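I have placed the structure first, in the form of structure tokens, so that the comments after it can refer back to it.
Computed from a prediction, not measured in an experiment: that's the story for all the values here. Order of listing sets the numbers, starting from 1, for every ligand and every atom in it.
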Amino acid sequence: MCGIIGYIGDREANDILIAGLERLEYRGYDSAGVATIHNNSLCINKKEGRVQNLKELPKLSGNVGIAHTRWSTHGKPSDRNAHPFTDNTNSFTLVHNGIIENYLELKAGLQEAGVNFTSDTDSEVIVHLIAKAYIGNLKEAVLKVVNYLQGSFALCVINKDSDEIIGARNGSPLLVGLGDNENFLASDASAIIEHTKKVIYVNDFEVVGVKKDSVNIYDFNGNEKPKEIKTINWDLEQAQKSGYKHFMLKEIYEQPKVIEDSMQINFNEMLNTGANFNRIIIVACGTASYAGLVGKYVIEKVAKVPVINEIASEFRYKECLINENDLVIAISQSGETADTLAAIRLAKQKGAKTLGLINVVDSTIAREVDDVVYTRAGPEIGVASTKAFTSQLITLYKLAFHLIGEEFQFDVEKIKQALLLNESIRKLAKKYYQSTNFLYIGRNLSFPLALEGALKLKEISYIHAEAYPAGELKHGPIALVSEEMPTVAICPRDSVYEKTFSNIEEIKARSGKVITIATSGDEKIKKVSDDVIYIPEVQEILYPLIVAIPLQLFAYHVADLRDCDVDKPRNLAKSVTVE
Ligand code: M6R
């Protein structure tokens, strides 16, 4: 994780870098720092905590600079561990996103050679190695050093005398933004989109030299490579809050539009009816994996193709029994999740066909899979995934129907009706926001939604929430039920309605409080519920799309009432580029 940015041009770098960092804060917010070159010396501001803290420090002068926002991996959040780091002569300074796995060996060697370390991070070794390797050419020094590093990195480095920023990438995202007599480096386009939409994606095993009027890309052997310039197809407005209190709420409300956009997705020949694969394996993490679980139920039901759901971080270390007759689908909003990327690489090694359902265009996974379908959610800034989830669901539904040569139909008005629940859910949240534990239950297609509802609640409100298939309660979790532990029961009028209804009765019989998500018009459910959230009636298979909305709104309002930092929950980052 972590976000990095660099600027070189004629303007003052400080404010450009800090504004860019604010847009990268979703990648981590444990500390922030900025470095510039002024009168051939390095100037640095860095501080534990949010990027905002940098604005309170005196502005740095200079037209060249690099900056960083941190998600801690090695060394706790502190001023001491904040990037940028410098070498012992204060000639070089560096920002890094990733993990250097062999940093302890490298550090020991450097310490033996008399290098003094000022942080507990893995990243600091890189700047000392570059200083040692430097003989008058920064790019050459970086080319030497990248070959010593094990692990993942995207880095930017400057030297106090140079008119160039050097970037390098292996495993963590990095792009170059092309301006008019100015250029940028950044972890992603949101950091630079107000200045340019023209970008070059840096690939793994590439080093890039960025001057204000030129960009050169090299492989790790120093051979120059061709540049492919791409144009970003979204704008700054989409990356702003537009009057909403939080990005998460804005993104919840964007779902009707997102669903309309996602309904336009087309699949190509690889997925045509009768396509040449025996089974589908879905790999993903977090919310994307819950979308995948809905996908499993839907594809198996509609297309009768067996689907295996794998959590990417587990899949990559299991005995891998996939082969060329399998289709492996990676689902990812960011397209950068390290575990999902590793799972796709493994699948490719085994000869399987790979497909990405990815939101961020030209992200790493999108570029590595055999075929990519973009899920069209637009930029998602809130750490809690909402509109990306529903766009993933739509894509999976469309895929299931595409496999049998049929068109998927969905009336987006139902989502608009579900959004009208906002006010009543706020009231409900006021009743429950002080609870410290929640259970979420659902059967069949509602089970992945129980998982997703519980994840939303815990990640933004820090309330403990556990999700179970409703039928599993009696095998243990029902022991948790008490007046103090409310249950959110997902019980639409579907083929398992009576079964879930009985499970809710079992909870009520043990004095548990129950909030039920039920189909509009279901009066009977009131008898076993303390509160009911009524959702519009849809075909059974479509309920996950509707149920997602009240679950998101409930988590949002509970977190907001608890004064939590909804868009930037503690300990988390939007894009998880480390294992
Ligand atoms: O970018 P990805 O979709 O690959 O991210 C996967 C998870 O990290 C992500 O869904 C995470 O669980 C969200 N914070 C959930 O809201």
Sub-3.5 Å N/O-N/O distance, Gln333 and ligand 1: yes
Contact atoms of ligand 1, heavy-atom distance to Ala384 under 4.0 Å: 16 (O)
For atom 9 (C) of ligand 1, closest protein heavy-atom neighbour: Thr287 N, 4.1 Å
Pair Ser187, Arg23: side-chain N/O donor-acceptor within cut-off below 3.5 Å: no
Those atoms of ligand 1 less than 4.0 Å from some heavy atom in Ala288: 3 (O), 10 (O)
contact_flag Lys456 ligand 1 heavy-atom lt 4.0 Å: yes
Nearest non-hydrogen protein atom, atom 8 (O) of ligand 1: Val576 CG2, 3.9 Å
Min N/O separation Thr337 to ligand 1 under 3.5 Å: yes
Result of checking Ile541, Leu542, Leu396 against Val298 for side-chain contact (heavy atoms from CB on, under 4.5 Å): Ile541
NZ/NE/NH1/NH2 to OD/OE distance under 4.0 Å, Asp565 and Lys245: no
Axial cation check for Tyr462 ring with Arg562, 6.0 Å and 45° limits: no
All ring-ring contact (aromatic ring centres under 6.0 Å, His included) counterparts of Phe554, not counting sequence neighbours: Phe438
Per-atom contacts, ligand 1 versus Cys285 - under 4.0 Å to a heavy atom: 6 (C), 7 (C), 10 (O)
Proximity of Glu459 to ligand 1 by residue part, where a heavy atom lies under 4.0 Å: side chain
Atoms of ligand 1, numbered as shown, that sit under 4.0 Å from any heavy atom of Val383: 13 (C), 14 (N), 16 (O)
Charged N-O contact under 4.0 Å between Glu324 and Lys353: no
For atom 1 (O) of ligand 1, closest protein heavy-atom neighbour: Ser334 OG, 2.7 Å
Under 3.5 Å donor-acceptor, Lys47 side chain and Leu54 backbone: no
Backbone N/O of Ile365 and side chain of Glu336: donor-acceptor pair under 3.5 Å: no
Numbering as shown, the atoms of ligand 1 that approach Ser385 to under 4.0 Å (heavy-atom distance): 15 (C), 16 (O)
